[in-house]
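First the structure, in the form of structure tokens, and then the observations on it.
Proteins come first, then strands; the chains are lettered A, B, ... in the order of their sequence lines, and each starts at number 1.
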Number of protein chains: 2
Amino acid sequence: MGFMIAQRAFIKVYLITMVEQQRGYGYQMLEELRKDFSSFGYSPPQSEIYRALHELVQEGVLYRTKHLKGNDPKVDFQEIVLYHFTDEGSEKAELYKKQIKGDLDRCLGILNKAVNDNY
Amino acid sequence: MGFMIAQRAFIKVYLITMVEQQRGYGYQMLEELRKDFSSFGYSPPQSEIYRALHELVQEGVLYRTKHLKGNDPKVDFQEIVLYHFTDEGSEKAELYKKQIKGDLDRCLGILNKAVNDNY
DNA sequence: TAATGAACATTATGTTCATTA
DNA sequence: TAATGAACATAATGTTCATTA
């Protein structure tokens with residue numbers, strides 16, 4: 001076991017939740033997370049998002065589809081990658097989330113204890 | 001800023017608190033921390049304790065004194081190292097603790113948000 | 001085994017670069 | 001600039017070894 005939860009795992013859980021809600025592609029999720037956490041002074045690095053997504057694909061949780069962003073190819077032909085659950089993906093994802101939930105609680109326990117013990 | 005608090009910083013705060021309370025030497029503090037956190041599945045590695053203590057000395061917060069562990073040198077001549085605050089040490093330590101408190105709260109905020117958002 | 005310390009190895013990250021229907 | 005990805009660099013750890021008044 002490590003000390004705190006790994007950033008990667010933390011991000012993966014968010015990505016899973018976002019895919020559940022059909023929310024967007026990598027860059028978009030990155031922006032959303034950055035916005036959501038900016039008040040905490042936390043800005044997830046771009047590389048971590050993509051690494052996390054790649055891992056989820058590797059692990060057979062997600063698969064990818066490519067699309068053009070805009071509907072008018074003349075104006076906007078930027079390619080984006082959307083993510084979806086594979087057949088066993090939803091199940092795997094839930095298991096993973098459950099595991100990470102334990103980790104989050106563990107970290108909360110440790111940190112709360114530290115506050116109690118030292119302040 | 002990083003993601004979670006670093007283990008080193010976390011341990012340093014505990015060491016400072018322990019030195020405030022005159023509790024023991026490195027190995028002993030290690031054992032105590034391990035015992036305290038065993039229920040969380042967290043066992044701080046030995047190297048981190050010593051590294052943290054060395055850093056606190058480097059930073060001018062603590063200084064060291066060497067002693068023999070037992071009072072009877074025939075029975076026990078194991079050398080131990082005790083730590084004390086330097087003149088400016090207490091002040092520095094309090095500042096450091098204050099800083100880390102902010103970090104702890106930040107981490108708690110992030111983790112609680114994650115639980116709310118994903119579960 | 002207790003106690004300290006250093007050396008070594010590895011992983012998780014952060015940073016920068018490359019590419020573009 | 002938006003979007004994706006890979007490459008590179010480094011810091012923070014975890015693991016093992018050495019030493020012992």
- Indicate, with a heavy-atom threshold strictly under 4.0 Å, whether A/Tyr83 touches base, sugar-phosphate, or nothing. sugar-phosphate
- Any N or O donor-acceptor pair linking the side chain of B/Glu79 to the base of D/dA21 at under 3.5 Å? no
- Task: For the pair A/Phe37 and A/Tyr14, name the ring-plane relationship: parallel under 30°, tilted 30 to 60°, perpendicular over 60°.
- Result: perpendicular
- Quickly work out the A/Leu68 CG to C/dT20 P distance and round it to whole Å. 16 Å
- Message: To the nearest 0.5 Å, what is the distance between CG on A/Leu30 and NZ on A/Lys35?
- Response: 13.0 Å
- In whole angstroms, the gap separating P of C/dG5 from OH of B/Tyr50 amounts to 7 Å
- For B/Glu31 and B/Ser47, take the nucleotide of DNA chain C holding the closest heavy atom to each; which residue's nucleotide lies nearer the 5' end? B/Glu31
- Is the cationic atom of B/Lys113 (NZ for Lys, CZ for Arg) positioned less than 6.0 Å from the six-membered ring centroid of A/Phe40 and within 45 degrees of its normal? no
- Item | Between A/Tyr63 and A/Tyr83, ring centroids under 6.0 Å | no
- Message: If I take atom CG in residue A/Leu82 and atom P in nucleotide D/dA3, what distance separates them, rounded to the nearest angstrom?
- Response: 12 Å
- Between C1' of C/dT13 and CD1 of A/Ile11, the distance in whole Å: 10 Å
- Query: Expressed in angstrom and rounded to an integer, what is the separation of A/Leu30 atom CG from D/dG5 atom C1'?
  - Reply: 13 Å
- Nearest of C/dT4, C/dT13, D/dT4 to any side-chain atom of B/Tyr25? C/dT4
- Item | Euclidean distance, atom CZ of residue A/Arg8 to atom P of C/dA12 [Å, nearest integer] | 7 Å
- Query: Do you reckon A/Leu95 sits in the same ILVMFWY cluster as B/Tyr119, going by side-chain contacts under 4.5 Å, direct or chained?
  - Reply: no
- With both distances kept under 3.5 Å, what pairs with C/dA18, Watson-Crick or G-U wobble? D/dT4
- Message: Using OP1 and OP2 only, check whether a side-chain N or O of A/Lys69 sits under 4.0 Å from D/dA3.
- Response: yes
- Query: Atom CE of B/Met29 to atom C1' of C/dA3: distance rounded to whole Å?
  - Reply: 12 Å
- Task: Hey, could you give me the NZ/CD distance between B/Lys97 and B/Glu94, rounded to the nearest 0.5 Å?
- Result: 5.0 Å
- Note on the structure: Expected list for residues 52-67 of chain B near DNA chain C, using heavy atoms below 4.0 Å, is B/His54, B/Arg64
- Message: Determine whether a donor-acceptor pair (one donor, one acceptor, N or O, separation below 3.5 Å) exists between the side chain of A/Arg51 and the base of D/dG5.
- Response: no
- Side-chain N,O (B/Gln78) to OP1/OP2 (C/dT4) below 4.0 Å: no
- Please figure out whether A/Gln28 or A/Phe3 has its closest DNA chain D nucleotide nearer the 5' end. A/Gln28
- Query: For A/Glu48 and C/dG14, what is the distance between atoms CD and P respectively, to the nearest whole Å?
  - Reply: 6 Å
- Rounded to the nearest 0.5 Å, how far does CG of B/Leu15 lie from CG of B/Leu53? 4.5 Å
- Message: I'd like to know if A/Leu68 and A/Val81 are part of one continuous hydrophobic network [Ile/Leu/Val/Met/Phe/Trp/Tyr, side-chain heavy atoms within less than 4.5 Å].
- Response: no
- Task: Please give the nucleotide sitting opposite C/dA12 as a Watson-Crick or G-U wobble pair, both distances under 3.5 Å, or none.
- Result: D/dT10
- Item | First encountered from the 5' end of DNA chain C, between A/Gln46 and B/Tyr27 | B/Tyr27
